[in-house]
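See structure below.
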Amino acid sequence: MRKKKTKQIFENVEVIDAGAKGKTIGKAPDGRVIFLTNTVPGDIVDVQTTKKRKSYFEGIATNFHSYSDKRTEPQCEHFGVCGGCKWQHMGYEHQLFYKHKEVENNLRRIGHLELPEPNPILGSKNQYFYRNKMEFSFSDSRWLSLKEIQSDAEIKDRNALGFHIPGMWDKILDIKKCHLQADPSNAIRLAVKDFALKNNITFFNPRNQHGMLRTLMIRTASTGEIMVVLQCFEDNKVQRELLLNHLKERFPEITSLQYVINGKQNDTIYDQEIICFEGRDHIIEEMEGLRFMINAKSFYQTNSKQAYELYKVTRDFAGLTGNELVYDLYTGTGTIAQFVSKQAKRVVGIESVPEAIADAKANAANNKIENVDFYVGDMKNVFNTEFIEKHGTPDIIITDPPRDGMHKDVVQQILNIAPRKVVYVSCNSATQARDLALMKDMYAITKVQAVDMFPQTHHVENVVLLEKL
C-alpha cells in the first residue's frame, strides 16, 4: 500500500520575496523554497503545503502573525477569488520594484548577460481601468462561495456573467464590478445580464453544451469608440435581436455592435463569422495621428496609453535617422512598424497570422504610409536568405515575439545578417534572456527598459537594445 501523502504545516515563515507567475517566496525549516499564493513580501505566516517537490514546496498561508508594510487594501470585492489581479493587495510602488527585479534577475541568471545600469521601470499612470479589451463568460452554474455552499438556504440564482475561476474551465465567478476596464464596461455587462434574466434568455452550460448566451466581448478605444460582441451558442433570432436592440437603445455610444453564432465545443471566435448588427465592424484607435482599425479578431495592446509609452521606448532605442532599412519581426497588425516609419527609410514587417497582415496593410493604406511593406509566413521559414536578398539587408531589426520567444533559427538568422542594432521587445524576460544569451558574442546590451503594461498583476514588458560589437 502506498504511503498517504500528508500536508505539512510550517509556522512563523517570513515571506522574503516575489517570484515568477505572481507567487511569493518563503523558506521551509530545511531551507527549501516555499511558493505561496496569498501573501506579500514581509508577511509572517503559518503555511500549509499543497505540493511537495524535491527542491521546493507549494503552499498557502493559513494564519498571519503580522502583515507586511508593503500591503494595501484591494479595491475589488472579488479579489482573492477572481484570478485577474493577483497583486491588488501590494502597494503599486512595490509591484514595480518586484517586476523590475524579476527582469534584471532573469537577464543575469538565465542569460548570464552583462547589463548596463537598467533604467527605472516605467510605471503606468492608470493603475486601474486601463484595459481596452475584456471578455466575459456566461454560465448557468456559477461558482458558489464557501458561505453559500455551507448555507441551508436554497440557491435559486445560478446564472453568472464574469470570469473563469483559475484552473476551472467550467466555473464562472459572477462579477459585480471589474476594475480593469473603464465605464461603460461594467454598465454594459450588468445590463446584458439583467435583461437576459428578465427575458428568460438562457446562459451557457459548458459541461452539457447547451444554453444561448456564451461570451461577451467589450472593446474600447482612446477615441471614445466602443465595440460589443455577443457570442451565442444556440441561435434564437428573436431573443438575440431583442437583447441587441436593447443594448442599441440603452447605450447609443456603442459604435460597433456585433454577434457570432458559435456551436463549437470551444469559444474561440477566430475561425467564426462575425456579423455586424449595428454600426461599423470595427473601432478606431489613434496614436500620434496614426489611426488603426480594430475589428473583433484584431490583436492590439490591451493598455492603449502604456502601449504608446512602450512604442516610444522602442523607437528611441532604435535611434532612427531616416536612412535605415528596418525589419519588424512578429509585426502583428503592424503597429510598431507604422509607428517608426516616419523616422525610417523603409520598414518591412513579417507576421504569421494572415488576418493580422491584412489589418496591417489596410491601416498603412488608411494612414497613407508608403514606406512600409508587410509579409505573411511562419517566421522561421519566411525569414530566410532568399527573403533578405529580395528585400534588402536591414540596418536595424525590431523584434516583438510571443511569450515563447524567438525560434532558434530566427536568432541564428539575425546573427547571420548581423544588423547594426537589434531592439528586442518582450512580454517574457525569461525567454528573452535565453535568446539574448545566444547573441552575446556578437552584441552588447547597451540599454534596458522595463515597462509596466499591467498594474495589479505580475506581468511586465521589457525592451533591450543590442548593438553590434
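Hydrogens, waters and symmetry mates are skipped; everything else that's a heavy atom, side chains included, is used.
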Query raised in the report: Is a donor on one side and an acceptor on the other found under 3.5 Å between the side chain of Glu285 and the backbone of Ser222?
Result: yes
**Report entry** Set of residues satisfying side-chain contact (heavy atoms from CB on, under 4.5 Å) with respect to His179, sequence neighbours excluded
**Finding:** Gln75, Cys76, Tyr128, Phe129, Lys177
Report task. Apply salt bridge (charged side-chain N to carboxylate O under 4.0 Å, His left out) to Asp17 and list each qualifying residue two or more places apart in sequence or on a separate chain. Result -> Lys101
Query raised in the report: Is a side-chain donor or acceptor of Asn384 paired with a backbone partner of Asn381 at a separation under 3.5 angstrom?
Result: yes
Requested in this report: Just do the side chain to side chain contact (heavy atoms under 4.5 Å, CB included) check on Lys312 and Asp316 with the steps written out, would you?
Outcome: CA-CA 6 Å; Lys312 284 194 292 185; Asp316 176 63; over 6 Å; no
Query - Lys51 atom NZ, over 12 foreign heavy atoms within 6.0 Å - result: no
**Report entry** Sequence neighbours excluded, every pair satisfying salt bridge (charged side-chain N to carboxylate O under 4.0 Å, His left out) that has a member inside residues 86-98
**Finding:** none
Requested in this report: For the residue pair Lys264 and Asn266, confirm or rule out a side-chain donor-acceptor distance under 3.5 Å.
Outcome: yes
Query raised in the report: Side chain of Lys99, backbone of Thr457: donor and acceptor closer than 3.5 Å?
Result: yes
Query - Exam field: side chain Asn132 to backbone Arg219, donor-acceptor pair closer than 3.5 Å - result: no
Query raised in the report: When rounded to the nearest 0.5 angstrom, what distance separates CD in Gln231 from CD1 in Ile261?
Result: 9.0 Å
**Report entry** Residue pairs, two or more places apart or on separate chains, that pass salt bridge (charged side-chain N to carboxylate O under 4.0 Å, His left out) and touch residues 404-417
**Finding:** none
Query raised in the report: Aromatic rings Phe339 and Tyr308: how do their planes relate, parallel, tilted or perpendicular, breaks at 30° and 60°?
Result: perpendicular
Query raised in the report: So do the side chains of Leu216 and Met134 get within less than 4.5 Å of each other, counting heavy atoms only?
Result: no
Query raised in the report: Any side-chain heavy atom of Gln8 within less than 4.5 Å of one from Lys52?
Result: yes
Query raised in the report: Would you call His112 and Lys440 a side-chain contact if the rule is heavy atoms closer than 4.5 Å?
Result: yes
Report task. Kindly say whether Thr321 contributes a backbone atom to a donor-acceptor pair with the side chain of Glu324 at under 3.5 angstrom? Result -> yes
Query raised in the report: Does Asp43 pair with Arg71 as a salt bridge, N-O distance under 4.0 Å?
Result: yes
Query raised in the report: Using 4.0 Å as the upper bound for N to carboxylate O, is an ion pair formed by Lys345 and Asp395?
Result: no
Query - Side-chain donor-acceptor contact under 3.5 Å, Asn416 with Gln412 - result: yes
Query raised in the report: Does the side chain of Gln181 come within less than 4.5 Å of Arg189's, by heavy atoms?
Result: no
Requested in this report: Determine the interplanar angle of the Phe204 and Phe233 rings, folded into 0 to 90°, and report it as parallel if under 30°, tilted if 30 to 60°, perpendicular if over 60°.
Outcome: tilted
Query raised in the report: How would you list, by chain and number, every residue that makes a salt bridge (charged side-chain N to carboxylate O under 4.0 Å, His left out) with Lys171, sequence neighbours excluded?
Result: none
Query raised in the report: Got Val47 and Thr39 here, is their nearest side-chain heavy-atom distance under 4.5 Å?
Result: no
Query raised in the report: Between Trp143 and Ile172, is any pair of side-chain heavy atoms under 4.5 Å apart?
Result: no
Query raised in the report: Are any side-chain N or O atoms of Thr223 and backbone N or O atoms of Ile284, one a donor and one an acceptor, separated by less than 3.5 Å?
Result: yes
Report task. Please check if any side-chain donor atom of Asn363 sits under 3.5 Å from a side-chain acceptor atom of Gln338, or the reverse. Result -> no
Query - Phe35 side chain near Ile25 side chain, heavy-atom distance below 4.5 Å - result: yes
Query raised in the report: Any sub-3.5 Å donor-acceptor pair from His282's side-chain atoms to Met227's backbone N or O?
Result: no
Query raised in the report: Could you give the distance from CD (Glu104) to CD1 (Ile121), rounded to the nearest 0.5 Å?
Result: 11.5 Å
Report task. Determine, using ring centers only, whether Phe136 and Phe163 are less than 6.0 Å apart. Result -> yes
Requested in this report: Just do the side chain to side chain contact (heavy atoms under 4.5 Å, CB included) check on Tyr98 and Lys70 with the steps written out, would you?
Outcome: CA-CA 11 Å; Tyr98 287 110; Lys70 298 178 177 64; 3.5 Å; yes
Report summary line: What one should report as the nearest heavy-atom pair of Ala418 and Met442 is CB-SD, 3.9 Å
Query raised in the report: Backbone N or O of Ala344 within a donor-acceptor pair of the Asn371 side chain at under 3.5 Å?
Result: yes
Query raised in the report: Given Gln456 and Gln95, is the side-chain hydrogen bond (donor to acceptor under 3.5 Å, both in side chains) satisfied, shown in steps?
Result: CA-CA 7 Å; Gln456 318 308 329; Gln95 295 180 30; 2.9 Å; yes
Query raised in the report: Say you draw a straight line from OG1 of Thr72 to CH2 of Trp87; how long is it, rounded to the nearest 0.5 Å?
Result: 14.5 Å
Query raised in the report: Is the backbone N or O of Gly123 less than 3.5 Å from a side-chain atom of Gln306, with the two atoms forming a donor-acceptor pair by type?
Result: yes
Requested in this report: Check the surroundings of atom CZ in Arg108: do more than 12 heavy atoms from other residues, nucleotides or ligands lie under 6.0 Å from it?
Outcome: yes
Report summary line: dist Asp359:CG -> Ile294:CD1 (nearest 0.5 Å) comes out at 7.5 Å
Query - Over 12 foreign heavy atoms within 6.0 Å of CD, Gln265 - result: no
Requested in this report: Quick one: sort the Tyr375 and Phe387 rings into parallel, tilted or perpendicular, breaks at 30° and 60°.
Outcome: perpendicular
Query raised in the report: Is there a donor-acceptor contact under 3.5 Å linking the side chains of Asn462 and Ser429?
Result: no
Query raised in the report: What is the distance from atom CD1 of Ile188 to atom CD1 of Ile218, rounded to the nearest 0.5 Å?
Result: 5.0 Å
Query raised in the report: Can a salt bridge be assigned to the pair Lys23 and Glu58 using a cut-off of 4.0 Å between side-chain N and carboxylate O?
Result: yes
Query raised in the report: Quick one: are Arg131 and Phe454 in side-chain contact, heavy atoms under 4.5 Å?
Result: yes
Query raised in the report: Is atom NZ of Lys27 surrounded by more than 12 heavy atoms (other residues, nucleotides or ligands) closer than 6.0 Å?
Result: no
Query raised in the report: How far apart are the C-alpha atoms of Ile414 and Tyr424, what are their side-chain angles, what is the distance that settles it, and do they pass the side chain to side chain contact (heavy atoms under 4.5 Å, CB included) test?
Result: CA-CA 12 Å; Ile414 293 174; Tyr424 191 149; over 6 Å; no
Query raised in the report: Are the side chain of Glu14 and the backbone of Pro41 linked by a donor-acceptor contact shorter than 3.5 Å?
Result: no
Query - Pairing of Glu225 and Arg280 as salt bridge, 4.0 angstrom limit - result: yes
Query raised in the report: Side-chain donor-acceptor pair under 3.5 Å between Thr446 and Glu467, yes or no?
Result: yes
Report task. Please name all residues satisfying salt bridge (charged side-chain N to carboxylate O under 4.0 Å, His left out) with Asp435, sequence neighbours left out, ordered by chain then number. Result -> none
Query raised in the report: Run the side-chain hydrogen bond (donor to acceptor under 3.5 Å, both in side chains) check on Asp267 and Thr215 step by step: do they pass?
Result: CA-CA 8 Å; Asp267 59 14; Thr215 67; 5.7 Å; no
Query - Working for side chain to side chain contact (heavy atoms under 4.5 Å, CB included), residues Tyr443 and Lys468 - result: CA-CA 4 Å; Tyr443 288 93; Lys468 195 175 175 186; 3.8 Å; yes
Query raised in the report: Quick one: OG1 on Thr331 to CD1 on Ile398, what's the gap to the nearest 0.5 Å?
Result: 9.0 Å
